[in-house]
Amino acid sequence: MKKFVLSQEDITPAEYSIQYEDLLNEAQLEAVMFDEGSALIVAGAGTGKTRTLVYRVARLVESGVDPTQILLLTFTRRAASEMLRRASQILDERCQRVEGGTFHHYCSKILHRYAEKIGYPEQFTIIDAGDAMDTVNLVRSQVDIPTQKKRFPKKSTLYNIFSTSVNKQMTVRDVIEQQYPQFVNYTETIELLADKYAAYKEQNFVMDFDDLLVKTRDLLRDQQEVRKKVAAQHKHVLVDEYQDTNALQAELTQLFSSIHNNVMAVGDDAQSIYSFRGADHKNMMRYPELFEDTKIIKLEENYRSTQRILDVANRVLKQAGEKFEKELYTVKEKGDMPGLVKAANMNDQSRFLTQMILNLREQGHELNEIACLFRNGRDSFDLEVMLNKKNIPYIKYGGQKFTEAAHVKDVLAHLRVLVNPKDTISWNRVLMLIDGIGPKTAEELFSWAQTGGNPYRPDQAPNTSDRYLTQLKALGNLFSELKKLDGSVPEQLQTVVDYYAKFCKKRFDDHPKRMKDLETFVDISGTYRSLEKMIEEVALDPIEATAIDTETTEKDEPPLILSTIHSAKGLEWHTVFLIQCLDGILPSGYAIDDEEQIDEEVRLLYVAVTRAKEQLFITYPALFQSRYGDYFTNPSRFIEDIEKDYLEPWLLVEESEEEQKQLEE
DNA sequence: GCTGTCTGTCTTTTT
DNA sequence: GACAGACAGC
């Protein structure tokens with residue numbers, strides 16, 4: 001056979017259609033134009049990190065790189081699609097074809113493709129943290145727990161121990177000794193449970209979030225031909241938010257890029273806020289050791305915030321025990337003084353926010369240019385009540401997800417067993433809804449189905465009591481109905497919701513609200529192409545709790561943004577309110593004894609502050625109302641030391657009092 | 001023997 | 001408001 005060697009086409013066009021040098025500063029341009037090899041972009045907050053990545057994607061595509069050969073790894077699905085949308089706007093639709101998403105998404109894609117290489121069926125099940133905890137509980141119930149006086153860790157703690165051990169690549173024993181010393185007596189039992197949990201997942205073809213990373217790493221590390229195939233596909237690998245990756249993800253980055261060796265990681269060590277998930281911002285320092293000849297490019301000029309906001313941010317960061325050589329600066333004008341607002345109580349805080357927001361709206365600001373940030377998901381409950389009263393539309397990111405709520409999980413469980421009849425956890429949910437069926441009966445029905453019984457006709461099982469036979473028949477009918485509707489997700493979902501209505505009524509006092517949720521879920525479910533897809537998407541990319549309302553109720557106004565600080569990462573708004581800035585909340589009470597954790601809380605405040613472009617308000621209530629009674633609180637220790645010249649104190653005065661004062665004058 | 005309900009405890013951040 | 005353990009009722 002004759003061989004003809006094709007030479008590489010000249011992929012660099014003489015001229016670009018985009019005027020990069022006019023649109024970017026010097027450092028950004030260097031990053032965008034960086035050719036081949038390894039680069040680390042160290043980018044302070046607001047220095048145009050996302051912009052740089054967006055332009056780099058456009059530049060690569062414009063240079064002739066096949067978009068499907070670019071891998072863009074981001075922290076959330078939202079971030080990836082937003083970046084690709086912007087790149088498409090700058091260049092053209094080709095950018096949408098870039099391979100992008102979270103590490104978890106991309107790993108799941110690889111594992112589906114190479115499932116048979118690791119002895120899994122193509123359709124394995126991905127479980128979210130809640131299902132994982134239920135699974136832990138299931139194996140826990142099969143093991144004798146030594147009855148000592150001391151408490152045994154509950155399912156969420158157990159799952160956290162297992163997950164930490166994976167993400168920090170430590171043994172279960174070490175995790176317990178270092179982070180859960182109160183449970184050292186149970187070490188052996190916990191280790192046994194870890195093994196059982198792993199075995200359960202293997203047997204039932206189930207993977208939790210951590211498995212997605214580990215199994216992909218193992219696959220690519222141990223099976224060279226797969227690694228070569230996968231890595232050959234990645235001409236360029238781009239990783240965003242590198243400061244929040246863990247050792248496992250660093251390893252994956254290395255494996256993904258191991259053929260072409262073109263990697264660019266972007267991050268800011270001062271914004272590392274995910275160590276609880278095993279992320280290690282020292283990953284950034286180690287990057288040059290991992291990738292040879294790394295070019296380091298620093299982005300330092302801030303384009304987002306006014307100087308006065310940056311002054312606050314710089315002062316926040318100085319309080320970290322760990323020294324950051326960072327001093328953000330901007331050429332923007334000084335701007336308004338950031339405000340420190342002391343409210344008498346939580347309700348006043350909410351009133352202040354609502355009224356300020358309405359004022360801003362009157363001044364012509366869109367609601368989605370305003371964000372209200374907080375440390376914990378529940379810190380916004382009081383505000384949410386007031387926003388609802390005042391009819392201010394909002395969307396909340398962070399906190400409990402819509403698809404994690406019990407009623408949604410119940411409904412989904414019926415569809416999950418349809419896709420995977422071996423899904424024990426979902427069978428338990430489905431069966432235990434029925435009156436008279438508890439863990440024991442559910443277990444019996446399940447093992448009958450596993451040994452030849454038809455799981456979709458549970459009424460045919462032997463020894464079923466009359467108490468629930470009719471209900472089992474109804475369940476059987478539901479399944480045959482669902483099978484008839486195969487192919488239409490909304491219709492299947494509607495059928496389950498109809499069936500579920502009576503259980504919902506019985507189980508929950510607030511069933512009208514929950515049923516309304518489910519109806520809107522049906523409405524948006526048309527976007528899922530199949531049940532399998534829906535189940536996987538819902539686990540990997542759960543719908544935000546309030547997103548579902550805003551999507552369907554066609555409000556002509558874009559909604560206000562409420563978000564946990566963690567979920568606000570990478571985003572920016574004209575005005576930012578940081579509420580509940582109290583000691584014990586930010587920093588969290590859990591962090592107070594540990595220097596490293598306190599530092600992370602400092603960085604968290606830093607992230608919150610640097611989200612603001614023009615206006616920043618930090619608010620806190622003087623009185624904290626809890627179920628155990630009201631008590632006076634201290635503002636966050638991090639803001640107490642910031643001088644008045646940087647953070648201007650605001651006083652909230654009641655209208656009636658003000659009038660009174662004016663009369664006296 | 002199993003299920004359902006009552007009571008006390010603890011409540012971070014997310015893929 | 002969720003969870004685990006205790007206990008009463010079928």
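Heavy atoms only: backbone and side chains are in, while hydrogens, waters and symmetry mates are out. Owing to the predicted nature of the structure, the values given are computational and were not obtained by experimental measurement. Chain letters run A, B, ... following the sequence lines, proteins first, then strands; residues in each count from 1.
Separating the NZ atom of A/Lys396 from the P atom of B/dT14 is a distance of 10 Å, rounded to the nearest angstrom. Counting to the nearest Å, the C1' atom of B/dT14 and the CD atom of A/Gln249 are 12 Å from each other. Between the P atom of B/dT14 and the CD1 atom of A/Ile273 lies a distance of 9 Å, rounded to the nearest Å. Distance CD (A/Glu600) to P (B/dT13): 14 Å, rounded to an integer number of Å. Nucleotide B/dT14 holds its C1' atom 14 Å from the CD1 atom of A/Ile565, rounded to whole Å. Atoms OH (A/Tyr468) and C1' (C/dC10) sit 13 Å apart, rounded to a whole Å. Protein atom CG of A/Asp134 is 14 Å distant from nucleotide atom C1' of C/dA4, rounded to whole Å. Distance, A/Glu443 CD to B/dC2 P: 11 Å, rounded to whole Å.
Remark: ring of A/Phe276 does not overlap the six-membered base ring of B/dT12 in a stacked fashion, as centroids less than 5.5 Å apart with planes less than 30° apart are not both met.
No donor-acceptor contact under 3.5 angstrom links the side chains of A/Asn634 and A/Asp583, judged on distance only. When only modelled atom types and interatomic distance are considered, A/Thr216 and A/Tyr114 share no side-chain donor-acceptor pair under 3.5 Å. Judged purely by distance below 3.5 Å, without hydrogens or angles, the side chains of A/Ser380 and A/Lys396 pair a donor atom with an acceptor atom.
At a threshold of 4.0 Å, the pair A/Lys569-A/Glu241 counts as salt-bridged, since one of the basic side-chain nitrogens sits closer than that to a carboxylate oxygen. Taking the charged nitrogens against the carboxylate oxygens, A/Arg78 and A/Asp541 have no contact shorter than 4.0 Å, which rules out a salt bridge. Using a cut-off of 4.0 Å between Lys/Arg side-chain N and Asp/Glu carboxylate O, A/Glu600 and A/Arg603 are scored as salt-bridged.
When heavy atoms are screened at a 4.0 angstrom cut-off, A/Tyr274 is found touching the sugar-phosphate backbone but no base atom. Within 4.0 Å (heavy atoms only), A/Gly589 reaches no atom of the nucleic acid at all. Counting any heavy atom pair closer than 4.0 Å across all strands shown, A/Pro439 reaches sugar-phosphate atoms only and no base atom. Within 4.0 Å of A/Arg375, counting heavy atoms only, lies at least one base atom of the nucleic acid.
Taking the six-membered ring where tryptophan is involved, the planes of A/Tyr180 and A/Phe183 are essentially parallel, since the angle between them stays under 30° and well short of 60°. Ring geometry for A/Tyr197 against A/Tyr159 counts as perpendicular: the plane angle is over 60°, on a 0 to 90° scale with 30° as the lower cut.
Taking the six-membered ring for Trp and the full ring otherwise, the centers of A/Tyr106 and A/Phe256 sit less than 6.0 Å from each other.
Picking from B/dT15, B/dT3, B/dT13 the nucleotide with the shortest atom distance to the side chain of A/Lys440 gives B/dT3. When the nucleotides B/dC2, B/dT14, C/dA2 are ranked by their closest atom to the side chain of A/Thr441, B/dC2 comes out on top. The side chain of A/Tyr590 sits closest to B/dT12 out of B/dT13, B/dT12, B/dT3.
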Collect all protein-nucleotide pairs involving nucleotides 4-6 of chain B in which both atoms are nitrogen or oxygen and the distance is under 3.5 Å.
from: B/dG4; atom 1: OP1; to: A/Gly436; atom 2: N; distance (Å): 2.4

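Residue A/Ser567 has a polar side-chain atom (N or O) positioned under 4.0 Å from OP1 or OP2 of B/dT14. A sub-4.0 Å separation between OP1 or OP2 of B/dT12 and a side-chain N or O of A/Thr564 is absent. Taking 4.0 angstrom as the limit, A/Arg140 places a side-chain polar atom (N or O) nearer than this to OP1 or OP2 of C/dG5.
Across the interface with DNA chain B, nearest-nucleotide mapping of A/Gln400 and A/Ala442 shows A/Ala442 to be the residue nearer the 5′ end.
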Between A/His407 and A/Tyr500, does a ring-ring contact (aromatic ring centres under 6.0 Å, His included) hold up when you go through it step by step?
CA-CA 9 Å; A/His407 57 298; A/Tyr500 180 69; 7.7 Å; no

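Contacts of residues 154-170 of chain A with DNA chain C (heavy atom under 4.0 Å): A/Lys154, A/Lys155.
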